[in-house]
Amino acid sequence: MSQQHVIKSTTSGAGYFFQGLKLVTQPGIRRFVIIPLVINILLLGGAFATLLTHLSGWIDGWLSYLPSWLEWLSYVLWPLIAIAALVTFSYFFSTIANWIAAPFNGLLAEYLEAKLTGKEAPDDGFKALIKDLPRTMGREWTKLKYYLPKAIGLLILMWIPAIGQTVAPVLWFLFSAWMMTIQYVDYPFDNHKVPFIDMRDALKENRGRALSFGAIVMFFTMTPIINLLVMPVAVCGATAMWVDHYREQFKRY
């Protein structure tokens with residue numbers, strides 16, 4: 001059975017992440033995993049060491065702003081705020097890591113797509129990486145512009161006592177899951193020069209698949225130790241999703 005046929009047995013977004021776990025160790029692919037992996041280990045490792053050291057004090061300080069008649073809510077809000085902080089750190093530092101590793105992630109997606117589709121792998125490798133660097137960085141900036149206004153709105157909501165602090169962490173997780181999908185699925189889309197808006201609209205056609213992929217990526221990005229390995233696995237899973245569900249749709253590019 002061909003590798004492509006195996007991939008097509010996976011239909012859920014979460015399933016594609018676990019498919020990425022298998023693909024990341026494929027012969028010929030592992031060499032493109034090393035640089036993204038090292039970048040992720042250095043950034044996320046340092047970020048989570050800082051977070052776990054200071055998290056409790058930060059949350060207690062934030063909850064001190066609650067009026068006295070709402071102090072009982074602190075027992076409910078503490079875990080919600082802890083999750084929101086984990087999501088925020090996870091997304092923020094994984095975004096920085098992805099900015100740095102974007103050219104290498106694009107190269108990983110390109111070689112994996114060739115392997116999954118039975119095509120000949122491109123032979124220009126790192127020369128193409130340097131050539132496409134301005135376009136790749138421009139695409140990362142486009143994603144950041146899409147992200148920032150919505151993130152700022154949610155952060156403002158989070159400062160509203162009681163209601164905002166209860167609802168905002170849930171909305172923040174869903175939005176971060178959506179952005180995780182956009183971040184990783186965009187690598188194969190961008191390799192084919194599919195415009196960002198077209199990519200976003202294609203993902204909206206099956207939000208469930210997109211959100212389940214992003215949610216599982218977010219969950220493992222929030223998990224210490226495991227999160228150090230997430231980036232290349234997510235790129236591989238997202239590339240498999242592209243091959244199965246979007247490649248034919250955008251073959252004109």
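These figures come from a predicted structure and were not determined experimentally. Numbers for residues simply follow the sequence, beginning at 1.
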Worksheet item: Are the aromatic ring centres of Phe220 and Phe17 under 6.0 angstrom apart?
Response: yes
Discussion item. Using the rule given for ring pair (Phe, Tyr, Trp, His ring centres under 6.0 Å), can you reason through Tyr184 versus Phe213, listing the C-alpha separation, both sets of side-chain angles and the distance that settles it, and then say yes or no?
Written reply: CA-CA 10 Å; Tyr184 288 107; Phe213 177 79; 7.1 Å; no
Worksheet item: Can you find a pair of side-chain heavy atoms, one from Val33 and one from Leu108, that are under 4.5 Å apart?
Response: yes
Fill in: For Tyr246, side chain to side chain donor-acceptor pair (under 3.5 Å) partners two or more places apart
Arg209
Item to complete: Test Val194 against every option in Ile197, Asp198, Asn191 by the side-chain contact (heavy atoms from CB on, under 4.5 Å) rule and name the one that passes.
Response: Asp198
Worksheet item: What do you reckon, are the aromatic ring centroids of Phe196 and Phe189 less than 6.0 Å apart?
Response: no
Discussion item. Could you measure the distance from the CG atom of Leu116 to the CG atom of Leu23? Nearest 0.5 Å is fine.
Written reply: 5.5 Å
Discussion item. Quick check: do Thr181 and Leu211 have side-chain heavy atoms less than 4.5 Å from each other?
Written reply: no
Worksheet item: Is any side-chain heavy atom of Trp141 less than 4.5 Å from a side-chain heavy atom of Lys145?
Response: yes
Worksheet item: Looking at Pro27 and Lys115, what are the two nearest heavy atoms and their distance?
Response: O-NZ, 3.6 Å
Worksheet item: Hey, does Phe250 have a side-chain heavy atom less than 4.5 Å from the side chain of Met199?
Response: no
Practice prompt. Could you pull out the closest heavy-atom pair between Ser212 and Ser12, with the gap in Å?
Written response: OG-C, 4.4 Å
Worksheet item: What about the rings of Phe104 and Phe32, do their centers lie closer together than 6.0 Å?
Response: no
Worksheet item: Should Ile182 and Leu144 be counted in the same cluster of Ile, Leu, Val, Met, Phe, Trp and Tyr side chains packed under 4.5 Å apart?
Response: yes
Practice prompt. Just jot down the salt bridge (Lys or Arg N to Asp or Glu O under 4.0 Å) partners of Arg139, sequence neighbours excluded, or say none.
Written response: Asp186, Asp190
Practice prompt. Provide the closest heavy-atom pair for Ile29 versus Val24 in the form atom of the first, atom of the second, distance.
Written response: CG2-O, 4.3 Å
Worksheet item: Are His245 and Tyr16 an aromatic pair by the rule of ring centers under 6.0 Å?
Response: yes
Worksheet item: With a 4.5 Å heavy-atom cut-off, do Lys193 and Arg135 have their side chains touching?
Response: yes
Worksheet item: If you measure from NZ on Lys143 to CG on Leu148, what distance do you get to the nearest 0.5 Å?
Response: 13.5 Å
Fill in: Heavy-atom side-chain proximity of Phe173 to Val170 below 4.5 angstrom
no
Discussion item. Around atom NZ of Lys119, are there more than 12 heavy atoms from other residues, nucleotides or ligands closer than 6.0 Å?
Written reply: no
Discussion item. Holding to ring-ring contact (aromatic ring centres under 6.0 Å, His included), I want the full list of residues that pass it with Phe219, two or more places apart in sequence or in another chain.
Written reply: none
Discussion item. Could you tell me if the side chain of Leu157 sits less than 4.5 Å from the side chain of Trp172, heavy atoms only?
Written reply: no
Fill in: Side-chain heavy atoms of Met218 within contact of Trp178, under 4.5 Å
no
Discussion item. Give me each pair satisfying salt bridge (Lys or Arg N to Asp or Glu O under 4.0 Å) with a member in residues 168-178, each pair once, sequence neighbours excluded.
Written reply: none
Solution key, residues 230-243 side-chain donor-acceptor pairs under 3.5 Å, sequence neighbours excluded:
{"unit_1": "Thr239", "atom_1": "OG1", "unit_2": "Val235", "atom_2": "O", "d": "2.8"}
{"unit_1": "Trp242", "atom_1": "NE1", "unit_2": "Glu113", "atom_2": "OE1", "d": "3.2"}
{"unit_1": "Trp242", "atom_1": "NE1", "unit_2": "Glu113", "atom_2": "OE2", "d": "3.2"}

Response to the item:
Residue pairs meeting side-chain hydrogen bond (donor to acceptor under 3.5 Å, both in side chains), one or both in residues 99-108, sequence neighbours left out, come to Asn98-Asn105, Asn105-Tyr187
Worksheet item: Roughly how far, to the nearest 0.5 Å, is CD1 of Ile39 from CD1 of Ile34?
Response: 12.0 Å
Worksheet item: Would Lys150 count as a cation-pi partner of Tyr146, with NZ or CZ less than 6.0 Å from the six-membered ring centre and within 45° of the ring normal?
Response: yes
